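Keep in mind that this is a model prediction, so the values were computed, not measured.
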Amino acid sequence: MFACGFGKEWSHVYTSRRREFLEESISRLGFQKLSIEDIYEKLWQDLEDEIKKWIKASNVALKILFPDERRLCDRVFFGYSYAADISFMEVCQVSAIQLLNFAESLAIVSRSPERLFGILKVFETLGDLIPEFEALFSDQFSVSLRNEAITVWKKLGEAIRGIFKNWII
């Protein structure tokens, strides 16, 4: 396709279809995109269920889905590492940001002591997944996703410290 001059078109079609597949796969794991307002308004019991879904979806995405997408991009765009890197980032970016946004929203809206253990679970899970983020998102096009994961993890840590400070006072 690249040799015939259809590289951009092929890459666009490939990434849009694979992105749809990835988003559907994560959705089938039970994880749905929630806005910060949705998280703020949810009862804690419902949010605990969403945290369990997030943990499952994040582990499957970072340990199975994203690595498979990396390998597939490398094979489909063999000999064109630039195209493979861009395509991988475009395929995974929306799903990765969706997972990170949920965790970041928890760090922002959840400052009450009863939410501590849920936030700790997310903090621990994301911390465990940082090596996967570092390994998968290390090229020049996707390094921002790795950096965002580290930033969100740090924000969760700050939220946990904030809960302890409020609790002690």
Side-chain angles (χ1 to χ4, degrees), residues 1-39 42 47 49-109 119 121-157:
M1 285 293 181
F2 282 92
C4 296
F6 295 107
K8 285 185 180 182
E9 293 84 357
W10 166 241
S11 180
H12 175 72
V13 170
Y14 173 85
T15 57
S16 65
R17 296 299 165 242
R18 295 305 303 168
R19 185 182 317 113
E20 288 173 14
F21 169 78
L22 197 56
E23 289 173 11
E24 183 179 322
S25 297
I26 290 173
S27 177
R28 285 185 179 175
L29 293 168
F31 182 75
Q32 300 298 320
K33 180 179 179 181
L34 296 173
S35 69
I36 194 166
E37 293 83 18
D38 294 335
I39 291 172
K42 276 194 175 282
L47 207 48
D49 292 339
E50 292 300 324
I51 288 171
K52 289 175 187 174
K53 293 174 188 176
W54 179 87
I55 290 170
K56 180 179 178 182
S58 294
N59 276 304
V60 170
L62 270 297
K63 293 179 180 179
I64 298 170
L65 297 174
F66 293 168
D68 286 350
E69 288 300 327
R70 176 79 259 183
R71 284 188 291 277
L72 187 59
C73 283
D74 289 345
R75 287 186 182 132
V76 168
F77 297 102
F78 182 75
Y80 299 94
S81 62
Y82 181 84
D85 291 345
I86 289 175
S87 295
F88 174 70
M89 187 273 304
E90 289 179 358
V91 167
C92 296
Q93 184 176 22
V94 171
S95 295
I97 292 293
Q98 181 179 347
L99 292 167
L100 291 172
N101 282 347
F102 177 83
E104 185 173 26
S105 295
L106 283 177
I108 293 169
V109 302
I119 297 171
K121 288 177 190 175
V122 173
F123 175 79
E124 184 179 58
T125 300
L126 187 54
D128 291 345
L129 293 173
I130 294 294
E132 279 78 8
F133 272 101
E134 290 175 336
L136 289 166
F137 302 110
S138 59
D139 63 69
Q140 63 182 349
F141 305 107
S142 60
V143 71
S144 62
L145 290 173
R146 179 193 69 200
N147 294 340
E148 182 65 17
I150 294 168
T151 300
V152 169
W153 182 66
K154 288 178 181 178
K155 286 181 181 181
L156 287 163

Q: Could you pull out all residues at least two apart from F137 that satisfy ring pair (Phe, Tyr, Trp, His ring centres under 6.0 Å)?
A: F66, F88, F133
Q: Which residues satisfy the side-chain hydrogen bond (donor to acceptor under 3.5 Å, both in side chains) test with E124, sequence neighbours excluded?
A: none
Q: Which pairs count as salt bridge (charged side-chain N to carboxylate O under 4.0 Å, His left out) when at least one residue sits in residues 56-69, sequence neighbours excluded?
A: R18-E69, D68-R71
Q: Go through the structure and list residues passing salt bridge (Lys or Arg N to Asp or Glu O under 4.0 Å) with E20, not counting sequence neighbours.
A: R17
Q: Among all residues two or more places apart in sequence or in another chain, which pass the salt bridge (Lys or Arg N to Asp or Glu O under 4.0 Å) test with K121?
A: none
Q: Sequence neighbours left out, what passes side-chain hydrogen bond (donor to acceptor under 3.5 Å, both in side chains) with W153? Give chain and number order.
A: none
Q: Applying side-chain hydrogen bond (donor to acceptor under 3.5 Å, both in side chains), can you list everything that pairs with S142, at least two apart in sequence or on another chain?
A: D139
Q: If you look only at pairs with a residue in residues 144-153, which of them pass as a salt bridge (charged side-chain N to carboxylate O under 4.0 Å, His left out), with sequence neighbours excluded?
A: none
Q: Per the salt bridge (charged side-chain N to carboxylate O under 4.0 Å, His left out) rule, what does the pair list look like for residues 22-37, sequence neighbours excluded?
A: E24-R28
Q: Please, which pairs that meet salt bridge (charged side-chain N to carboxylate O under 4.0 Å, His left out) have at least one residue in residues 82-107, sequence neighbours excluded?
A: R70-D85, E104-K155
Q: Restricting to ring pair (Phe, Tyr, Trp, His ring centres under 6.0 Å), what partner residues turn up for F21, sequence neighbours left out?
A: none
Q: Can you find a side-chain donor-acceptor pair between T15 and S87 that sits under 3.5 Å?
A: no
Q: Kindly write out the residues that satisfy side-chain hydrogen bond (donor to acceptor under 3.5 Å, both in side chains) with D38, not counting sequence neighbours, or none if the list is empty.
A: S35
